[in-house]
Protein chains: 2
Amino acid sequence: MNKSSLCPRFEKAMSLLSQRWTGLIIHQLLEGPQRFCTVETSISISGRVLSERLKDLEQQGIVIRNVYPETPVRIEYSLSDKGYALAPVLHEIENWAEHWVEIDDTGK
Amino acid sequence: MNKSSLCPRFEKAMSLLSQRWTGLIIHQLLEGPQRFCTVETSISISGRVLSERLKDLEQQGIVIRNVYPETPVRIEYSLSDKGYALAPVLHEIENWAEHWVEIDDTGK
DNA sequence: TCATTAACTTACTTTATGTAAGTAACTATA
DNA sequence: TATAGTTACTTACATAAAGTAAGTTAATGA
């Protein structure tokens with residue numbers, strides 16, 4: 001009654017990457033470690049969801065959370081090796097977008 | 001107040017690909033033209049959403065809808081060039097999944 | 001006329017996301 | 001000592017997206 005041939009690893013990867021914001025968060029962190037508010041404003045995600053996503057991604061070993069007990073406390077999020085390994089995926093998307101995506105002025 | 005550097009084409013591509021099911025639908029159609037019910041059962045998506053997605057993808061020139069007036073009518077969905085151009089993206093995801101995704105027995 | 005089949009729609013429920021205000025922990029300033 | 005500022009979150013509530021299941025349409029064969 002369920003799907004036939006789908007590789008469960010691939011399926012899991014897809015369900016991760018097809019969550020809203022996940023790809024953009026990783027793309028953002030590819031530029032280097034960043035704090036919560038930086039990511040929040042650079043991709044205009046809501047704090048509620050960003051918090052949720054970072055927790056997920058940390059739990060899956062894709063994102064690493066570093067705490068610097070300065071004043072006020074500084075927390076930086078960065079990518080693990082597993083996270084950096086997603087760079088080719090993002091680059092292929094960029095590549096496709098360059099070649100095939102048109103921008104319509106009618107807003108989004 | 002909005003994001004800074006995000007390329008609008010990339011952003012559009014991401015908002016497409018980070019919709020639930022979109023990636024799996026395209027992955028499925030990479031195997032060749034298929035009818036509605038085939039896609040529906042092979043990725044276990046609800047008909048309501050599949051119908052919605054196929055309409056979207058058709059409108060964006062990624063999917064092509066072909067009608068064969070047989071009995072009962074046969075409708076096949078296939079990928080356009082723009083759609084096939086997404087193959088490298090899906091392959092990179094498969095590649096990443098093979099190397100980095102572990103399957104936990106605790107269900108999904 | 002009734003049943004069958006595929007491709008959708010529609011109505012309704014559940015889940016995910018957005019918005020905005022609130023909290024915790026710390027420090028600099030009055 | 002009290003007040004306000006800073007960052008990283010939470011919480012409560014509203015809206016949007018997705019799931020479920022039943023219904024519709026169109027063509028044909030029994």
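Chain letters run A, B, ... following the sequence lines, proteins first, then strands; residues in each count from 1.
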Handout entry: Check: V39(A) and Y77(A) side chains under 4.5 Å, non-hydrogen atoms
Key = no

Problem - Test item: W96(B) and K82(A) side chains (from C-beta on) under 4.5 Å apart, heavy atoms - result: yes

Practice task
Taking only the side-chain nitrogens and oxygens of R35(B), find out if one of them lies under 4.0 Å from OP1 or OP2 of dA7(C).
Solution key: yes

Practice task
Would you indicate, yes or no, if dT9(C) has its OP1 or OP2 atom less than 4.0 angstrom from a side-chain nitrogen or oxygen of S51(B)?
Solution key: yes

Problem - Between P of dA6(C) and CG of L50(B), the distance in whole Å - result: 15 Å

Exercise for the section: Classify the side-chain pair E92(B)/H91(A) by whether it contains a donor and acceptor separated by less than 3.5 Å. Expected result: no

Practice task
Check the distance between dA7(C)'s P and Q34(B)'s CD and give it to me in whole angstrom.
Solution key: 12 Å

Exercise for the section: Answer yes if the side chains of E76(B) and Q34(B) hold a donor-acceptor pair under 3.5 Å, and no otherwise. Expected result: no

Handout entry: Atom-to-atom span, CD of Q19(B) to P of dA16(D) - whole angstrom
Key = 16 Å

Handout entry: Terminal helix-axis angle for the helix from dT1(C)-dA30(D) to dA30(C)-dT1(D), with five pairs defining each axis and rounding to 10 degrees
Key = 30°

Problem - N or O in side chain of K55(A) less than 4.0 angstrom from dT10(D) OP1/OP2 - result: yes

Problem - Distance-minimising heavy-atom pair for L90(A) and I26(A) - result: CD2-CG2, 4.2 Å

Practice task
Sugar-phosphate atoms are those with a prime plus P, OP1 and OP2; base atoms are the rest. Using that split, label each nucleotide of nucleotides 18-24 of chain C B, S or - for protein heavy atoms under 4.0 Å, 5' to 3'.
Solution key: BB-----

Fill in the blank from the handout: Residues A13(A) and A97(B): closest non-hydrogen pair is CB-CB, 3.8 Å

Exercise for the section: Round to the nearest Å and state the distance from R53(B) atom CZ to dC8(C) atom C1'. Expected result: 16 Å

Exercise for the section: Kindly work out whether a path of hydrophobic side-chain contacts (I/L/V/M/F/W/Y, heavy atoms less than 4.5 Å apart) joins L57(B) to L30(B). Expected result: yes

Practice task
Let me know the distance between CD of E40(B) and P of dC8(C), rounded to the nearest Å.
Solution key: 10 Å

Handout entry: Between dA18(D) (P) and I25(B) (CD1): distance, integer Å
Key = 10 Å

Practice task
Search all heavy atoms of R20(B) against all heavy atoms of R53(B) and return the closest pair with its distance.
Solution key: O-NE, 3.0 Å

Practice task
Scan E52(B) against the nucleic acid and name what it touches under 4.0 Å (heavy atoms): base, sugar-phosphate only, or nothing.
Solution key: sugar-phosphate

Problem - Side chain to side chain, I62(A) and W100(B), heavy atoms closer than 4.5 Å - result: no

Problem - Gap between atoms CZ and C1', on R65(A) and dT7(D) respectively (whole Å) - result: 11 Å

Exercise for the section: Using whole Å, report how far CD1 of I75(A) lies from P of dC26(C). Expected result: 12 Å

